[in-house]
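Remember, it's a predicted structure, so these values are computed and weren't measured experimentally. Numbering of residues begins at 1 and proceeds along the displayed sequence.
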Amino acid sequence: MALPTAPGAPVTDPDLVAALRDDLTASGYGVAGVEEVLGAVAADALHREEPVPALRATQAAGDDVVAALVRTFLLGVAVPRRAVEGAFPTLGIGGAERLGLVETDGDQVRARVDLRPYTAVDGGGEVDWWIASDLGELATGQALRTDHVLGVGGASTTLAQVTVRDDRDHVLDLGTGCGIQALHASRHSRRVVGTDISRRALAFARFNAALAGVALDLREGSMLEPVADERFDLVVSNPPFVITPRTPGMPSYEYRDGGRSGDAIVRELVEGVGEVLAPGGVAQLLGNWEVRRGEEWHERVGAWLDASGLDGWVVQRELQDPAQYAETWIRDGGTTPDRDRAAWADRYGQWLDDFASRDVEGIGFGFVTLRRPHGAPTLRRLEEVTGTVRQPLGPAVAAALAAHDWLAMSDDDLAEQRLFVAPDVSEERYLTPGDPDPQVVLLRQGGGFGRAVQAGTALAGFVGVCDGELTVGQIVNALGALLEVGADAVAADVLPSARGLVRDGLLLPAG
């Protein structure tokens, strides 16, 4: 029996969804199949929201069923009925209509939703799904509706890849949208709850879960209200963090606007999510934060961490000025200077006025990892990492949390430990021609955050001997004798840096 849905959202009829899954599997409509039909040039152009090469490629593909599905669900063009029938031999066009996926007009079939293949890459191996969402501007040629349900975008992919993926019992996806984070969580969790203020978003999430063969507990409500009396081992959230002016005539999009002024919704989540975290539980979220005149970005966000009472680690990945930020999100809603110059100028001005009213000079974007400690908080880390990172980062985040706990020992205890260099670490030496000694030694991490650490003579020598055989104390004593400065001097120089290398995964505990 079909489950209740919302206007414009797909209907979750278990039998029809099962037929759809069988047909999509048999059709070859996956990420690899789409890229094969489009070719590299057209696929890359489509990722940039430019449809012309994809339209040409799918036209050239003739009666290919994958090409028909791409034209229907990704490009939003009307397709002859016989082409879509070939893609849905079990479901049929009638079944696709009853699910709310397409509508027909004579011999033409047109999509009512975006339905695209997605390969989940999150540190737990790969799995293929199909994700339904509202058609985007590329397919409709119109500005987005304010209750638009977003598919898998760059932000949701980022969150999926930075989330820790060890086994969890009870997981919350706060602001689930189309359900993509909840689907990822289902791969390593016993039970997943997804919440959203949007009834349409929950209908899409319900459909996508059924199509993936996953059971989710989906609830309607704002922020933590639907789960106030529960505790979770993991909370993930891609919240509606976009900072939007609260002025008359400014559209408010449910998928990105949280109804708060400035960055208040991210602050509220950072400060309040600990209420639903079990001891040892982790919360990971994306966010924007304002950088106001006279303060550094980490001062504002650091105050949120302090108020949370949790272990906290914030990584800022990008910083935009108010004009860049306004342009990004006005375009995101479908307003452009070419389409409506007056609306563009008006909204641009409102955004700049809003930021100016709070002395905002920049807007940061990044991810936040929080953890409920068993005692007092011991982790407070705020850093800027703007370079290339190796995704998925989830394993590196989990390893850094474990390393932080492992390092909770005295230097005397650390001296008894054995360390070895991580397999992805290389050493780079920079020398002046003819000089036998390097001027700069860099320890470079090939995976994870891709960190590069400059090492002095003692640290470079220490790392070079870390093969798991000698203890830290034995290496320090040997370096003290070799450098003729004494073991205490070497320990004072090397051990803080060695702790940092362990924390960041360049050195690993042996055994």
Side-chain angles (χ1 to χ4, degrees), residues 155 158-159 162-164 172 174-175 222-225 228 232 234-246 256-277 279-322 324-325 351 354-386 397 400-401 404-405 408 449 500 503-504:
T158 295
L159 179 59
V162 303
T163 300
V164 296
L172 169 65
L174 191 155
S222 177
M223 298 292 283
L224 297 169
E225 292 174 1
F232 296 89
L234 175 66
V235 176
V236 293
S237 183
N238 181 11
F241 57 71
V242 176
I243 300 169
T244 305
R246 303 299 159 198
R256 72 182 204 191
D257 300 327
R260 311 292 201 277
S261 176
D263 53 18
I265 195 165
V266 179
R267 174 184 58 78
E268 290 176 21
L269 189 53
V270 170
E271 294 182 357
V273 72
E275 297 175 3
V276 300
L277 279 179
V282 172
Q284 294 184 274
L285 59 133
L286 303 182
N288 279 158
W289 38 82
E290 297 180 340
V291 182
R292 298 179 179 177
R293 183 177 299 117
E295 69 179 10
E296 299 293 332
W297 76 269
H298 53 80
E299 295 178 85
R300 182 172 181 79
V301 183
W304 301 349
L305 292 186
D306 294 341
S308 75
L310 304 174
D311 286 335
W313 179 13
V314 183
V315 178
Q316 179 167 284
R317 294 285 290 146
E318 184 179 359
L319 182 68
Q320 289 188 320
D321 63 46
Q324 292 172 315
Y325 192 85
W351 236 294
D354 183 60
F355 284 133
S357 71
R358 295 186 298 277
D359 291 330
V360 175
E361 295 183 334
I363 302 91
F365 168 80
F367 59 87
V368 180
T369 300
L370 304 165
R371 183 176 61 172
R372 172 164 289 287
H374 292 278
T378 60
L379 173 62
R380 187 182 188 274
R381 184 175 184 183
L382 299 101
E383 60 178 329
E384 190 168 21
V385 181
T386 57
V397 173
L401 293 176
H404 171 80
D405 296 338
F449 286 87
R503 177 196 64 184
D504 291 334

- Verdict with supporting geometry, R381 and R503, side chain to side chain contact (heavy atoms under 4.5 Å, CB included): CA-CA 11 Å; R381 184 175 184 183; R503 177 196 64 184; 3.5 Å; yes
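- In this structure, the side chains of L305 and H298 stay at 4.5 Å or more apart for every pair of heavy atoms.
- The one candidate from F365, F367, W289 that meets the side chain to side chain contact (heavy atoms under 4.5 Å, CB included) condition with Q316 is W289.
- Summarising the geometry of V276 relative to L224, their closest heavy-atom pair is CG2-CD2, 3.8 Å, with the distance given to 0.1 Å.
- The closest donor-acceptor contact from the side chain of E295 to the backbone of R300 lies at 3.5 Å or more, if one exists at all.
- Of all heavy-atom pairs between Q284 and T163, the closest is OE1-CA, 3.1 Å.
- In summary, of the residues considered (V162, V314, L269, L310), a side chain to side chain contact (heavy atoms under 4.5 Å, CB included) with V368 occurs for V314 alone.
- The closest side-chain heavy-atom distance from V270 to L285 is below 4.5 Å.
- In this structure, CD on E268 lies 4.0 Å from CZ on R260, to the nearest 0.5 angstrom.
- Remark: the backbone N or O of D359 is not paired with any side-chain donor or acceptor of R292 at under 3.5 angstrom.
- Of all the heavy atoms in R317 and V385, the pair that sits closest is NH1-O, 2.5 Å.
- The two residues W297 and V291 come nearest to each other via the heavy atoms CB-CG2, 3.6 Å.
- Here the CG atom belonging to D354 is positioned 8.5 Å from the OG1 atom belonging to T244, to the nearest 0.5 angstrom.
- Across every non-hydrogen atom of W351 and I243, the tightest pair is NE1-O, 2.9 Å.
- Counting all heavy atoms, side chain and backbone alike, G362 lies closest to P322 at N-CD, 4.3 Å.
- Using a 4.5 Å cut-off on side-chain heavy atoms (C-beta onward), L382 and E296 make no contact.
- In this structure, D263 and W304 have side chains that are in contact, with non-hydrogen atoms separated by less than 4.5 Å.
- Residues L401 and D311 form no side-chain contact, since every pair of their non-hydrogen atoms from C-beta on lies 4.5 Å or further apart.
- The CD1 atom of I363 sits 7.5 Å away from atom CG of N288, with the distance rounded to the nearest 0.5 Å.
- For the pair P240 and I265, the minimum side-chain heavy-atom distance is below 4.5 Å.
- Using a 4.5 Å cut-off on side-chain heavy atoms (C-beta onward), E318 and Q324 make no contact.
- Within the 4.5 Å cutoff, side-chain heavy atoms of V397 are placed close to those of W313.
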